[in-house]
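Before any comments, here is the structure.
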Amino acid sequence: MITVNNPPVNALSQSVREGLKKFIEKADRDRDCRAIVISCAGRTFIAGADIKEFGKPPLQPYLPDVIARIESCEKPVVAAIHGTALGGGFEVALACHYRIALNTAAVGLPEVHLGLLPGASGTQRLPRLIGARQAMEIMLSGNPVRAKRALELGAIDRVADSEDLLAEAISFAEESVAAGPRRIRELEVPAVDPQIFDAMRKEIAAKTRGLMSPELIIQCVEIATNSAFDEGIEFEREAFLECLASPQSDGLRHAFFAERQVGKVPGIAKNVVERSLDSVAVIGAGTMGAGIAYACLSAGLGVRLLDNDSEGLARGVKTIQDLFSAGVQRGKISESGAREGLKRFSSSQNYEDIADVDVVIEAVFESMSIKKEVFGVLDNVIRPGAILATNTSTLSIDDIAATTRRPEDVIGLHFFSPAHIMRLLEIVRGANTGNDVVATSLSLARKLGKIGVVVGNCFGFVGNRMLYGYGRENQLMLLEGAAPEYIDQVLVDWGMAMGPNAVGDLAGLDVGYKVRRERTDLPDDPRFYRVADMLAESGRYGQKSGKGMYLYEKGSRKPLPDPDVAAMIRQEAKRLGVEQREIPEQEVIERCIYGLVVEGARILEEGIAPRSGDVDVVWMNGYGFPRYRGGPMHYADTIGLDKVFERVCEFRERFGPMYWEPPEPLQTLGTSGGTFDGYVR
Ligand code: 3H9
């Protein structure tokens, strides 16, 4: 019995690799040993290579060598899998001669999520075991496969009948003595039509845009089907090292750790006693309110939807019912699950009906006076100890909290649209918000399957505040002569999920327009968001009105460049005395992305976000920032803050200090060889 014990997830750190090698060799030599079981202590089988070791000088023994040694063992080796056997962990299991798993276990090769490919023979062994097509699907999706399905595919040999995995693994090992080792390297890959590789390339093209490892995974599997095992291993090794050294993998690994770090909030103790969290009331039955209600229902919470307008309420109820039906149709939930969800749902026009809930989430129109009115009522009606949350995307939590006698209960929960799909939840802590309220909100995010990022209170918090830096440069460049479709294309090619102008049309140009009318701190600059304002003022709201930055044919969401918009912008530029010119692609990227970085640096300076990784998580999960670039702050780190600082100073000379004065962290780090990653305020 060889037991790996390296909490929390039994990652294959150097000491684990060394131990595995040492004990497999010992067992192989031991005359009294007839068969070997490899299992793991703790909550899971090996979850993969130790990601923390990547980017550092590699340490021997290397995983592919350990794996080859396990497979070459003369005695049968059985992997006993519980929890998740992932990445290098599954590759260890594939090196074993037989695999048995608990019914609750799963196996997978998620390397693609880290910009990698299985680099310890997974790309060569899995196709030999289950065929090229299925192996590619597992590697390209990165999703784990449950034990039962893994058994059907042939990726494992047995699912344990009982909970006693070890006992069953030992019997399996004893039974295997007669048959001896079954080595996957000696198997042939089942014959495939070579067309499947190009078909797969087409299938994944849209989802994997800009990424390098998916193509290399396909190439590895292609080689597995037409070359000797050792040749495939050599190719895999080189491809793995190429991915490992790439900025893409660096960005994705940063994303992995940053998303785990956001849950640990400075100043919030681990053992803080949380408030109860079973029932939620959502105020406001618009698209956002209905989406939030549906997200909460899907997470098993009881939900009451309140709106004082009966028609609005009826529409909200219908939206929720439709979302359940669509979920059933798409196979996301079962029919009984949908019925059960709707049983936990009720609607009302009366605040008294929600008085006893645990959490209230206000999602009414984005206007301070309306929000203050709602919170005044909530303060009078809702039971003491309930959390009073606002879904504002920009307004001051402290001003809203001040209308109540319980500011410690008030917090911002900024959902992103569509609320039941987007993963990000900005949790906005006001000056008086209780730590228990913050901790409970983080739990709510987890319950909803979202990533909660705790941020401080300021206009727009982290996400929307930075958006102004990005959007402002887009808007200025429109006046300076860059067409909306040109800017969008440049940024999409760079990796953004959508261009800012297409996003504006999707969200509605009237929405941002109204928010800007509420602001009292806009810069004294007639060019500021002038194009968006002008279009909104002329009734061009975007997709919903058939025209905005772009034109939309009836029933279509495809943005078409509109010559009228080009003419309107030209005229406005002339009126404002802005000279039009051709703007190079590099300038589009740098002005938009450094616009984000400069605002992000100010946010760090003010402590609105405690760590640069938190800013990155917001932008990767809420604003379509390419994950493989690791978020704006990490991206700036990879460019080098000295270079970013220099360019920002150049922009200050060219465009003036109003927007381009480098904040203190950028100046200090940029002139001392530092990175945002190590920034401490
Ligand atoms: C690979 O294997 C390459 C090979 O093909 C070739 C090599 C040559 N390493 O997620 P959690 C930490 S690439 C180091 O909150 P959960 C994590 O940071 C790897 N640390 O728990 C966290 O630390 P902290 C392929 C790791 O229960 C703690 O463990 N494998 C690793 O929600 C708990 O993590 C993967 O990509 C790691 N591999 O989920 C699997 N994994 O407490 C990555 C986790 O300090 N891991 N940590 O914040 C996962 O998907 C999830 O962690 C897992 C558990 C599902 C295992």
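Whatever order the structure lists them in is the order used to number ligands and atoms, beginning at 1.
- Contacts between Ala49 and ligand 1, counted as non-hydrogen atom pairs separated by less than 4.0 Å, involve both the backbone and the side chain.
- Inclusion of Glu111 in the set of residues having an N or O under 3.5 Å from an N or O of ligand 1 is warranted.
- Within the 4.0 Å heavy-atom criterion, neither part of Tyr62 lies near ligand 1.
- Per-atom contact check: atom 32 (O) of ligand 1 does not touch the protein, criterion being a heavy-atom distance below 4.0 Å.
- Checked by distance only, ligand 1 and Ala47 come closer than 3.5 Å through their nitrogen or oxygen atoms.
- Under the 4.0 Å criterion applied to side-chain N and carboxylate O atoms, Glu222 and Arg201 are assigned as salt-bridge partners.
- For His82 and Phe45, the ring centers sit 6.0 Å or farther from each other.
- Listed by number with element, the atoms of ligand 1 under 4.0 angstrom from any heavy atom of Phe257 are 18 (O).
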Residue pair Trp494, Tyr635: steps toward the ring-ring contact (aromatic ring centres under 6.0 Å, His included) verdict: CA-CA 12 Å; Trp494 184 79; Tyr635 172 69; 5.1 Å; yes
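- Atoms of ligand 1 lying under 4.0 Å from at least one heavy atom of Gly87, given by number and element, are 2 (O), 25 (C).
- Within the model, atoms CZ of Arg149 and CD1 of Ile156 stand 12.0 Å from one another, a figure rounded to the nearest 0.5 Å.
- Scanning the protein heavy atoms around atom 22 (C) of ligand 1, the nearest turns out to be Arg260 CD, 4.3 Å.
- Neither the backbone nor the side chain of Leu109 has a heavy atom within less than 4.0 Å of ligand 1.
- Under 4.0 Å is where a charged nitrogen must lie from a carboxylate oxygen, and between Asp28 and Arg69 at least one such pair does.
- Taking the charged nitrogens against the carboxylate oxygens, Glu203 and Arg133 do have a contact shorter than 4.0 Å, which makes a salt bridge.
- The pair Arg344-Glu340 meets the salt-bridge criterion, with a side-chain N (NZ, NE, NH1 or NH2) lying under 4.0 Å from an Asp/Glu carboxylate O.
- Under 4.0 Å is where a charged nitrogen must lie from a carboxylate oxygen, and between Glu242 and Arg237 no such pair does.
- The distance criterion of under 3.5 Å between nitrogen or oxygen atoms is met by Gly88 with respect to ligand 1.
- For atom 14 (C) of ligand 1, the nearest non-hydrogen atom of the protein is Asp50 OD1, 3.3 Å.
- Counting the atoms of ligand 1 from 1 in the order shown, those under 4.0 Å from a heavy atom of Phe240 are 6 (C), 7 (C), 8 (C).
- Counting protein heavy atoms only, atom 55 (C) of ligand 1 is closest to Leu86 CD1, 4.0 Å.
- Put simply, atom 53 (C) of ligand 1 has no protein non-hydrogen atoms near it, under 4.0 Å away.
- Counting protein heavy atoms under 4.0 angstrom from atom 42 (O) of ligand 1 gives one or more.
- Below 3.5 Å of separation, one finds an N or O of Gly119 facing an N or O of ligand 1.
- Glu163 CD: 12 or fewer foreign heavy atoms inside a 6.0 Å radius.
- At a cut-off of 3.5 Å, with distance as the only test, no side-chain donor of Gln14 or Asp50 sits close to an acceptor on the other residue.
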Let me see the working for Phe256 and His254 under ring-ring contact (aromatic ring centres under 6.0 Å, His included), right down to the final yes or no. CA-CA 5 Å; Phe256 178 86; His254 168 76; over 10 Å; no
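- If you look at Lys264 next to ligand 1, the close heavy atoms, those under 4.0 Å, all belong to the side chain.
- Looking at ligand 1, you'll find an N or O of Glu91 within less than 3.5 Å of one of its N or O atoms.
- Close approach of ligand 1 to Pro118 (heavy-atom distance below 4.0 Å) involves ligand atoms 5 (O).
- With a 4.0 Å heavy-atom cut-off, ligand 1 is reached by the backbone of Ile51 and by its side chain too.
- With respect to atom 20 (N) of ligand 1, the closest heavy atom belonging to the protein is Lys52 NZ, 3.9 Å.
- Put simply, the residue from Leu444, Val453, Ile411 that forms a side-chain contact (heavy atoms from CB on, under 4.5 Å) with Ile427 is Ile411.
- Among all non-hydrogen protein atoms, the one lying nearest atom 26 (C) of ligand 1 is Val9 CG2, 3.9 Å.
- Proximity to Ala11 (heavy-atom distance under 4.0 Å) selects the following atoms of ligand 1: 9 (N).
- Arg17 has a carboxylate O that lies under 4.0 Å from a charged side-chain N of Glu53, or vice versa, which qualifies the two as a salt bridge.
- Less than 4.0 angstrom separates some heavy atom of Leu114 from each of these atoms of ligand 1: 13 (S), 19 (C), 36 (O).
- For the pair Glu186 and Arg128, the salt-bridge criterion is not met [side-chain N within less than 4.0 Å of a carboxylate O].
- In Gln261, neither the side chain nor the backbone holds a heavy atom less than 4.0 Å from any atom of ligand 1.
- Short contacts between ligand 1 and Phe256, defined as distances under 4.0 Å to a heavy atom of the residue, involve ligand atoms 18 (O), 41 (N), 43 (C), 44 (C), 46 (N).
- In this structure, Arg43 is part of the shell of residues with a heavy atom less than 4.0 angstrom from ligand 1.
- For the pair Pro8 and ligand 1, a heavy-atom separation below 4.0 Å is found.
- Note on Arg185 versus Asp230: salt bridge recorded, some NZ/NE/NH1/NH2 to OD/OE distance being below 4.0 Å.
- Within a 6.0 Å radius of NZ in Lys450, other residues, nucleotides and ligands contribute more than 12 heavy atoms.
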